[in-house]
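Below: the structure, in structure tokens.
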2 protein chains.
Amino acid sequence: MTSEQATAAFAESETEKTAADIDFAIIEQLFFAYRDFTSDPDKQLAQYGFGRAHHRIVHFVNRRPGLTVAELLELLKITKQSLARVLKQLIDGGYIVQVPGPRDRRQRELHPTEKGRKLAMDLAMPQSRRIARALAETSPRDRAVIERFLLDMMNPDSRAQIAAAPKDRVSRTGQE
Amino acid sequence: MTSEQATAAFAESETEKTAADIDFAIIEQLFFAYRDFTSDPDKQLAQYGFGRAHHRIVHFVNRRPGLTVAELLELLKITKQSLARVLKQLIDGGYIVQVPGPRDRRQRELHPTEKGRKLAMDLAMPQSRRIARALAETSPRDRAVIERFLLDMMNPDSRAQIAAAPKDRVSRTGQE
DNA sequence: CCGAATATGTCAGTGATGTTGACATATTTT
DNA sequence: AAAATATGTCAACATCACTGACATATTCGG
């Protein structure tokens with residue numbers, strides 16, 4: 001190694017990260033993968049006159065039936081004013097019902113209706129299929145590697161909220 | 001197995017996918033992982049008065065210096081009217097320059113300026129750090145598993161566009 | 001060479017989704 | 001009874017997408 005090379009190498013490792021240090025490969029893969037992953041339900045939603053916001057709400061209400069408005073806001077990290085418009089449409093459309101909290105009657109528990117469960121399933125299906133395709137030749141161990149990676153990409157509080165979601169708590173019994 | 005259980009099992013495997021068949025775990029992990037992954041640059045962008053759209057543009061111009069407007073539109077899958085406003089801000093702000101295509105002078109090649117390269121790096125850094133953290137104890141083989149998963153989640157044309165991007169083509173020489 | 005096709009830019013209007021701030025109502029807590 | 005909490009609602013605004021229409025410069029094909 002010439003002294004110039006040594007100096008250059010030192011300067012690089014010393015101060016700024018340069019292009020070579022940045023993980024552009026995975027950055028771009030995440031961008032494209034997520035965009036395409038969301039493109040399937042987006043098409044379906046357009047037919048209902050709904051958007052992504054509706055998808056997220058109907059998904060989480062289905063996954064965590066009975067969650068309160070405050071819990072949903074915390075999960076989605078949006079403001080109640082943002083939630084209001086979209087949630088109202090889902091309630092008016094008969095996809096979600098509100099029931100007063102059993103302990104605290106100020107709360108509104110959100111429950112999916114049969115129609116809401118159906119919608120959530122419909123939207124989840126192409127995404128689940130896409131995942132299944134991507135994992136088609138993946139061993140259980142490698143699936144675990146992927147899941148660990150995704151969990152480790154999250155902020156701790158997101159991780160906590162995933163952990164809080166029961167294994168399989170999709171509403172089935174629910175009130176219509 | 002009782003006959004009732006057998007019947008139930010049959011009915012389920014026969015017709016619709018039900019809750020148990022949907023890969024909710026990875027669906028939600030992708031949602032939270034991607035949201036948190038984008039939250040870092042979002043904060044920085046706010047300080048510049050920029051948004052996510054600026055991020056995507058400055059990123060890809062940096063990664064594929066000299067790409068044309070049409071190529072960028074194809075990559076981002078947005079309309080030219082959507083691109084125009086945001087691109088104009090980046091040009092006016094001195095982050096990107098346009099040069100007439102060498103062969104076809106109707107085309108506008110997009111190149112990052114030094115300032116643009118700096119911005120792209122700044123935005124990529126927290127994302128790269130997050131990835132590095134998530135992969136900290138991951139073997140090269142397992143990294144490959146994760147990359148393959150992400151690639152397999154994409155639509156074929158997205159995959160083609162990633163393949164088209166040279167390994168390390170971030171502009172360094174570029175014109176100011 | 002001229003007309004068609006192409007690459008880009010721009011104006012105008014609209015929609016979905018997010019934000020802040022302010023205030024109202026019902027209920028629970030202290 | 002007063003304060004805090006959970007929710008709902010009104011109003012204004014920003015970002016980023018869309019469609020449709022049209023202008024300009026350049027290249028291409030006959």
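A, B, ... follow the sequence lines: proteins, then strands. Residue 1 opens every chain.
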For a 4.5 angstrom cut-off between non-hydrogen side-chain atoms, does B/L135 reach A/I26? yes

Any donor-acceptor N/O pair, A/Q127 side chain to A/D40 backbone, under 3.5 Å: no

Of residues 42-52 of chain B, the positions that come close to DNA chain D - non-hydrogen atoms, cut-off under 4.0 Å: B/G51, B/R52

Can you list, pair by pair, the side-chain donor-acceptor contacts under 3.5 Å of residues 80-103 of chain A, counting residues two or more places apart and other chains?
unit_1, atom_1, unit_2, atom_2, d
A/K88, NZ, A/D92, OD2, 3.1
A/Q89, OE1, A/H54, NE2, 2.6

Restricting to side-chain hydrogen bond (donor to acceptor under 3.5 Å, both in side chains), what partner residues turn up for A/R105, sequence neighbours left out? none

Nearest-Å distance, NE2 (B/H54) to C1' (D/dA17)? 13 Å

Comparing nearest nucleotides in DNA chain C, the 5'-proximal residue of the pair A/D104, B/R85 is B/R85

Show me the donor-acceptor pairs within less than 3.5 Å that the side chains of residues 139-147 of chain A make with the rest of the protein, sequence neighbours left out.
unit_1, atom_1, unit_2, atom_2, d
A/S139, OG, A/D142, N, 3.1
A/R141, NH1, B/D142, OD1, 3.1
A/R141, NH2, B/D142, OD1, 3.2
A/R141, NH2, B/D142, OD2, 2.8
A/D142, OD1, B/R141, NH1, 3.1
A/D142, OD1, B/R141, NH2, 3.2
A/D142, OD2, B/R141, NH2, 2.8
A/R143, NE, A/E147, OE2, 2.8
A/R143, NH1, B/D23, OD2, 2.8
A/R143, NH2, A/E147, OE2, 3.0
A/R143, NH2, B/D23, OD1, 2.9
A/R143, NH2, B/D23, OD2, 3.3
A/E147, OE1, B/Q29, NE2, 2.9

Does anything in residues 57-76 of chain A form a ring pair (Phe, Tyr, Trp, His ring centres under 6.0 Å)? List the pairs, not counting sequence neighbours. A/H59-B/F24, A/F60-B/F31, A/F60-B/F32

Flag side-chain contact, heavy atom, 4.5 Å: B/E28 against A/R63: yes

Identify whether any heavy atom of A/Q89 sits under 4.0 Å from a base atom; if not, whether one sits that close to sugar-phosphate; answer base, sugar-phosphate or nothing. nothing

In whole angstrom, give the distance that lies between atom CZ of A/R35 and atom C1' of D/dC16. 15 Å

For residues 45-52 of chain A, which side-chain N or O atoms pair as donor and acceptor with protein atoms under 3.5 Å away, sequence neighbours left out?
unit_1, atom_1, unit_2, atom_2, d
A/R52, NE, A/D42, OD1, 3.3
A/R52, NE, A/D42, OD2, 3.0
A/R52, NH2, A/T38, OG1, 3.4
A/R52, NH2, A/D42, OD2, 2.9

Mind listing the residues from residues 69-84 of chain B sitting with a heavy atom below 4.0 Å of DNA chain D? Number order is fine. B/K77, B/I78, B/T79, B/Q81, B/S82

Any residue meeting side-chain hydrogen bond (donor to acceptor under 3.5 Å, both in side chains) with B/R108, in chain and number order, not counting sequence neighbours: none

Where chain A begins and ends its contact with DNA chain C, read 5' to 3' at 4.0 Å from heavy atoms: C/dT17 to C/dT28

Using five pairs at either end of the helix from C/dC1-D/dG30 to C/dT30-D/dA1, determine the angle between the two local helix axes and round it to 10 degrees. 20°

Taking only residues two or more places apart in sequence or in another chain, which ones pass side-chain hydrogen bond (donor to acceptor under 3.5 Å, both in side chains) with A/R148? A/D152

So A/Q44 and A/P126, do their side chains get closer than 4.5 Å, heavy atoms only? yes

Using modelled atom types and a 3.5 Å cut-off, is there a donor and acceptor pairing between side-chain atoms of A/D36 and backbone atoms of B/N155? yes

For B/R159, which residues count as a side-chain hydrogen bond (donor to acceptor under 3.5 Å, both in side chains) partner, sequence neighbours excluded? none

